[in-house]
Amino acid sequence: MSTALSRIREQAPHVRPRIALLLGSGWGALTRRLSEAVRLPYVDLPGFPGAGVAGHAGELWLGRLAGVEVAVLSGRRHAYEDGQADGMKVALCTLRDLGCEILLQTNAAGSLHAALPPGSLMLLSDHLNLVQRTPLTGESGSARFVDMVDAYDPALRALARRAAADAGLPLHEGVYAWVLGPQFETPAEIRMLRTLGADAVGMSTVPETILARWLGLRVLACSLITNLAAGLSDTHLSHAHTLAQAEAASEMASALLVAVVQAVATARGA
Ligand code: HPA
């Protein structure tokens, strides 16, 4: 048993979540909707990432969301912090060992299309790993050759689309391009990303999807569009702008997550 897992078992002996949520920039409001919550700062969990970026709390929450047992990772380590893509490896291994089978990821992203304006929610149908880094460096054996077809689980995506429609929440779907950051893109880079088939761009998520697939977790991921990407509008991009836009949409984003978690729990095994 890993040390982080034993700490969790000490603090919350009866929790058995099947669904893990990983909250990106601006999605932290969801933790206010948890009941019976136990909050464990990452710094108390060996191997979990230390606090890093504004808007990322760095806490593991265990509790219930609309009655469904969940584990919530509020905050992630980004590859731009130390050049490594495996910052969430121990955290995700620990949640798998705790019994999680599904990872529901969220992030903030820039849009590459006027038809996907700030405030939109976009389900990831696929991704482009433009950073060409992996959290699996150093792993051995054949399990590291992870199949990335349908990395974003088609059945979970169908459930999410239905749950969003039932809740009256517009939900787009598209391809997410992972860039290292922390600088935003140049307008020329954004034109290149569009040519490559990306719909949104961001600095996270892809390493955790790779890790989750390696661990055998099913993955669903959703972007909150906080801005039109560089060169597509007159707005000056900044992290503060990303957070402000995310905050403005946080209630809608949380409502979507609740609807999706309920649908996934009801459909058990879908
Ligand atoms: N680019 C990269 N990452 C982002 C953006 C963006 O425009 N917006 C939010 N995260």
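Indexing begins at 1, ligand by ligand and atom by atom, following the structure's order. Computed over heavy atoms, backbone and side chain alike; hydrogens, waters and symmetry mates excluded. The first residue of the sequence shown is numbered 1, and numbering continues consecutively from there.
Note: an N/O pair closer than 3.5 Å links Glu185 and ligand 1 by distance alone. By the 3.5 Å distance cut-off applied to N or O atoms, Gly110 is counted among the residues near ligand 1.
Looking only at side-chain heavy atoms (C-beta outward), His78 and Glu81 come within less than 4.5 Å of each other.
Remark: side-chain polar atoms of Arg77 are not paired, donor with acceptor, to backbone N or O of Pro49 under 3.5 angstrom. With Ser125 contributing its side chain and Gly174 its backbone, the two residues share a donor-acceptor pair below 3.5 Å.
The existence of a salt bridge linking Glu101 and Arg218 is excluded, since no basic side-chain nitrogen approaches an acidic carboxylate oxygen closer than 4.0 Å. Between Arg33 and Glu251, at least one side-chain nitrogen of the basic residue sits less than 4.0 Å from a carboxylate oxygen of the acidic one, meeting the salt-bridge criterion. Under the 4.0 Å criterion applied to side-chain N and carboxylate O atoms, Arg157 and Glu173 are assigned as salt-bridge partners.
Proximity of Ala109 to ligand 1, defined as any heavy-atom pair under 4.0 Å, is confined to the backbone N, CA, C and O atoms. Residue Thr226 touches ligand 1 through its side chain alone, judged by heavy-atom distances below 4.0 Å. With a heavy-atom cut-off of 4.0 Å, Asn107 does not touch ligand 1 at all.
Among protein heavy atoms, the minimum distance from atom 8 (N) of ligand 1 is reached at Asn227 OD1, 2.7 Å. The protein heavy-atom contact nearest to atom 10 (N) of ligand 1 is Ala108 O, 3.4 Å. At the top of the distance list for atom 3 (N) of ligand 1, counting protein heavy atoms only, stands Gly202 CA, 3.4 Å. Among all protein heavy atoms, the one lying closest to atom 4 (C) of ligand 1 is Val201 O, 3.7 Å.
No hydrogens or angles considered: nothing links the side chains of His241 and Asn227 as a donor-acceptor pair under 3.5 Å.
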